[in-house]
Amino acid sequence: MATAVQTDNLLNLKWPKEGPSRVPYWVYSSPEIYKREQEMVFGGASYNYIGLECEIPKPGDFRQTKVGDKPVIFMRDEDGQVQVVVNRCAHRGVQFCYDMHGSGKTEFICPYHQWTYNLKGETTAVPFRRGLQKQGGMPGDFDMKANGLQKLKVATRHGVIFASFDHSMPSFEEYIGPKMVGWFDRVFSGRPLKVLGYQRQRIRCNWKLVFENIKDPYHASLLHVFLVSFSLFRADNPSKVQMDEKLGLHSVLVSQRGEKKADDTTADIRQNQASFTLANPLMLQPEKEFPGEATVVMQTIWPNLMVQQQSNTLAMRQIHLVGPEEFELHWTYFGFADESEEMTQKRLRQANLMGPAGYVSADDSEVMEAIQAGISKYAASDAVVEMGGRGVEDTDHMVTETAIRAFYDGYRKVMGL
Amino acid sequence: MTTTTKLRAEDLAALRAEIDEFNTAYADCLDDGDLNDWIGFFTPDCIYKVLPRENLEQNLPLAVIYAEGHGGLTDRVVGVTKTTVYRKRYLRHFITNTRIRSVAHDATGGDTVRAEANYQVLETLPGEYTKILNAGRYMDIFTRQGGALKLKERLCVYDSEMVPATIVYPL
């Protein structure tokens with residue numbers, strides 16, 4: 001379990017008496033909160049998304065990533081098992097792995113004193129351990145086994161890798177619960193995946209703003225003129241919001257594409273371009289590929305993953321933390337190893353919707369920075385989150401902020417706030 | 001029938017000057033001009049992409065912006081000017097170190113020029129210092145149409161894996 005927090009300053013931070021229908025702005029800027037999140041959230045009883053198994057197909061393949069703000073390496077060992085270790089030498093703390101990714105590794109050698117680790121993170125060599133010419137050396141009782149790289153508990157499901165600093169974690173399936181497993185398996189059925197590429201952006205706002213952005217269908221039908229203009233996401237499309245059975249920290253937004261039409265839904269959107277049509281319609285010719293009627297399913301898996309399925313764009317959006325008011329969003333776009341070239345092309349074209357230059361996502365990164373600018377110096381004020389009521393239950397419509405309330409309800413429990 | 005040509009030094013210098021002139025006008029259009037004019041720098045069947053170097057080096061096809069043809073460029077212009085919400089900003093392009101990789105003539109007298117140039121794009125948001133938005137190289141294929149060079153393909157390959165929050169305008 002996570003270690004106890006040392007900071008007493010938290011005692012001064014009181015959640016508003018209204019409960020989950022208010023979010024105090026200090027959760028987005030307080031250094032004490034940030035510190036506690038590293039311990040209780042990312043370092044605590046959570047499974048963090050790490051990467052895809054297809055990114056490290058062969059023994060000796062490795063990649064760097066982060067859990068919260070902590071650099072880690074994931075790799076495939078000689079037995080074919082996925083290992084996740086911290087990128088910090090057990091000796092003096094050097095970030096020993098310089099390459100962001102690579103293959104053909106049989107061991108990692110720290111450049112400073114050449115401590116050497118195998119692909120399971122075990123120390124295999126400590127130079128001059130026995131001394132030199134009977135001088136120096138490590139103490140006789142020095143135990144290499146007890147001085148390996150810090151390892152994380154690894155869980156994989158259908159090609160997706162998660163890891164936890166907490167080795168007492170239950171299974172991943174138990175962690176997200178049966179309802180969320182169902183949605184997860186809709187995209188990750190076990191069909192082999194292939195990576196199409198990466199996008200990475202650094203955004204000057206608190207990381208929770210992006211996590212709750214995916215839990216906020218209210219904004220999607222207003223801010224994202226592009227989505228609405230093409231009926232990819234509209235407030236009146238058949239939709240639902242669901243949370244996991246336990247803390248409500250994992251959730252899905254589910255919707256289906258409707259007819260392109262102008263009515264009172266679009267009338268409420270100031271900037272709607274009713275006559276907007278694509279000059280190159282190839283960009284957006286979605287093809288149904290998953291069971292059921294939903295055409296968009298955005299799933300958040302606490303604490304650092306958003307699984308994006310909008311039409312044929314599939315991506316893992318992973319949160320890396322930088323500080324209380326800055327984070328990075330790492331996008332891994334993927335398809336399926338056995339799909340047609342035509343389907344891959346659809347994904348690459350539709351990727352124009354997403355990422356730092358996306359027709360949709362650019363709105364989000366701009367607005368999120370503007371939120372931070374608005375709240376950073378007003379820590380004592382609160383956000384009003386009452387659309388769709390004050391409860392935290394599942395709904396069968398999109399005119400709600402229920403998933404944000406459920407999120408902060410669970411967040412308070414995890415954080416002890 | 002296409003033949004690769006070895007140019008004389010003075011022809012190479014003239015071609016390089018022509019590309020520099022092209023890129024100066026391109027930068028002027030994006031920095032201080034009308035975004036709609038940006039489309040005219042490309043052939044109707046062009047490819048325009050902005051992508052991180054890491055994708056190129058790992059043979060991963062994903063781009064951050066992927067526009068096909070004048071239609072795709074038009075959609076990008078309309079997307080930026082009509083549907084996207086963002087703070088006001090100013091761009092400043094610096095395009096240098098033009099190098100010509102190959103020149104080919106085809107039977108109809110057209111030229112295909114493969115060239116590269118370094119680019120750096122500064123971005124200024126009101127109330128903030130100027131920052132580097134993006135830096136990398138253009139990997140270009142020019143063709144000559146009606147006497148003037150047009151881009152049949154421009155890949156903007158940026159070196160950093162990370163970009164600041166938003167890339168609003170084309171690079």
Side-chain angles (χ1 to χ4, degrees), chain A residues 100-101 194-205 223-230 271-273 276-284 315 320 328-334 344-345 347-370 373, chain B residues 36 39 44-89 123 125-128 131 133-134 156 158 160-171:
Chain A
M100 295 309 289
H101 60 90
K194 69 169 180 186
V195 170
L196 299 180
Y198 302 96
Q199 297 178 349
R200 309 177 197 275
Q201 61 190 139
R202 184 173 282 207
I203 302 176
R204 291 175 298 174
C205 75
L223 172 66
H224 300 313
V225 176
F226 194 94
L227 278 186
V228 179
S229 297
F230 289 95
Q271 292 156 312
N272 181 54
Q273 305 287 319
F276 189 50
T277 51
L278 285 174
N280 178 6
L282 281 177
M283 201 280 281
L284 201 54
H320 290 191
E328 292 170 357
L329 200 53
H330 293 248
W331 309 60
T332 305
Y333 287 73
F334 61 93
T344 301
Q345 270 301 319
R347 299 194 204 288
L348 296 173
R349 287 169 169 150
Q350 292 172 25
N352 278 301
L353 295 171
M354 304 298 179
Y359 289 129
V360 179
S361 301
D363 295 332
D364 284 322
S365 45
E366 281 293 294
V367 161
M368 286 188 290
E369 290 198 341
Chain B
N36 289 293
I39 298 162
D45 62 343
C46 68
I47 297 283
Y48 172 81
K49 290 186 191 181
V50 175
L51 70 163
R53 183 190 185 109
E54 63 171 329
N55 287 357
L56 188 78
E57 289 184 344
Q58 294 175 75
N59 291 316
L60 298 171
L62 183 79
V64 171
I65 298 176
Y66 174 23
E68 295 168 285
H70 276 185
L73 300 177
T74 302
D75 291 334
R76 185 50 65 172
V77 171
V78 172
V80 168
T81 54
K82 299 273 171 50
T83 78
T84 314
V85 176
Y86 51 88
R87 289 160 292 180
K88 189 176 181 175
R89 63 200 59 213
E123 181 179 67
L125 277 76
E128 294 189 18
K131 67 168 185 284
L133 173 67
N134 203 266
C156 314
Y158 57 88
S160 167
E161 285 152 9
M162 194 70 57
V163 297
T166 315
I167 298 176
V168 172
Y169 296 108
L171 300 175

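Since the model is a prediction, treat every value here as computed from it, not as a measurement. Each chain gets a letter, A, B and so on, in the order its sequence line appears, and its residues count up from 1.
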Check your understanding: Hey, which of A:Q201, A:Q199, A:H320 is the one that makes side chain to side chain contact (heavy atoms under 4.5 Å, CB included) with A:H330?
Key -> A:H320
Revision key, fill the gap. Heavy-atom nearest pair, A:W331 first then A:S361, reads CH2-OG, 3.5 Å
**Study point:** Interface residue of largest heavy-atom contact number with chain B, from A:A362, A:A351, A:A370, A:G355, under 4.5 Å
**Key:** A:A362
Review point. Do you know which of A:M354, A:M283, A:R349 has the most heavy-atom pairs with chain B at a distance under 4.5 angstrom?
Key: A:R349
Exercise for review: Below 4.5 Å from any heavy atom of chain B, which atoms of A:H101 appear? Answer side chain, backbone, both or neither.
Suggested key: side chain
Review point. A:R347 versus chain B, heavy atoms under 4.5 Å apart: side chain, backbone, both or neither?
Key: neither
Exercise for review: Look at B:V64, B:V50, B:V168, B:D75 and state which one has the largest set of heavy-atom pairs under 4.5 Å with chain A.
Suggested key: B:D75
Check your understanding: By a 4.5 Å heavy-atom criterion (distance strictly below it), what part of B:E161 contacts chain A: side chain, backbone, both, or neither?
Key -> both
Point to revise | B:T166 versus chain A, the contacting section by heavy-atom distance below 4.5 Å | key: both
Check your understanding: Side chain, backbone, both or neither: which part of A:M368 has a heavy atom under 4.5 Å from chain B?
Key -> neither
Revision key, fill the gap. Honestly, the part of B:P52 sitting under 4.5 Å from a heavy atom of chain A is side chain
Review point. Should the pair A:Y359 and A:F226 be assigned to parallel (<30°), tilted (30 to 60°) or perpendicular (>60°) ring geometry?
Key: parallel
**Study point:** Minimum side-chain heavy-atom gap A:Y198-B:N55 below 4.5 Å
**Key:** yes
Check your understanding: In terms of side-chain heavy atoms, does A:Q350 have a donor or acceptor partner in A:Y333 at a distance below 3.5 Å?
Key -> no
Point to revise | Straight-line distance of B:Y158 OH to B:L56 CG, nearest 0.5 Å | key: 11.5 Å
**Study point:** CA sep, side-chain torsions, deciding dist, call: B:R76, B:Y48, side-chain contact (heavy atoms from CB on, under 4.5 Å)
**Key:** CA-CA 11 Å; B:R76 185 50 65 172; B:Y48 172 81; 5.9 Å; no
Study note, to complete from the structure: In terms of heavy-atom pairs under 4.5 Å with chain B, the winner among A:L278, A:V360, A:I203 is A:L278
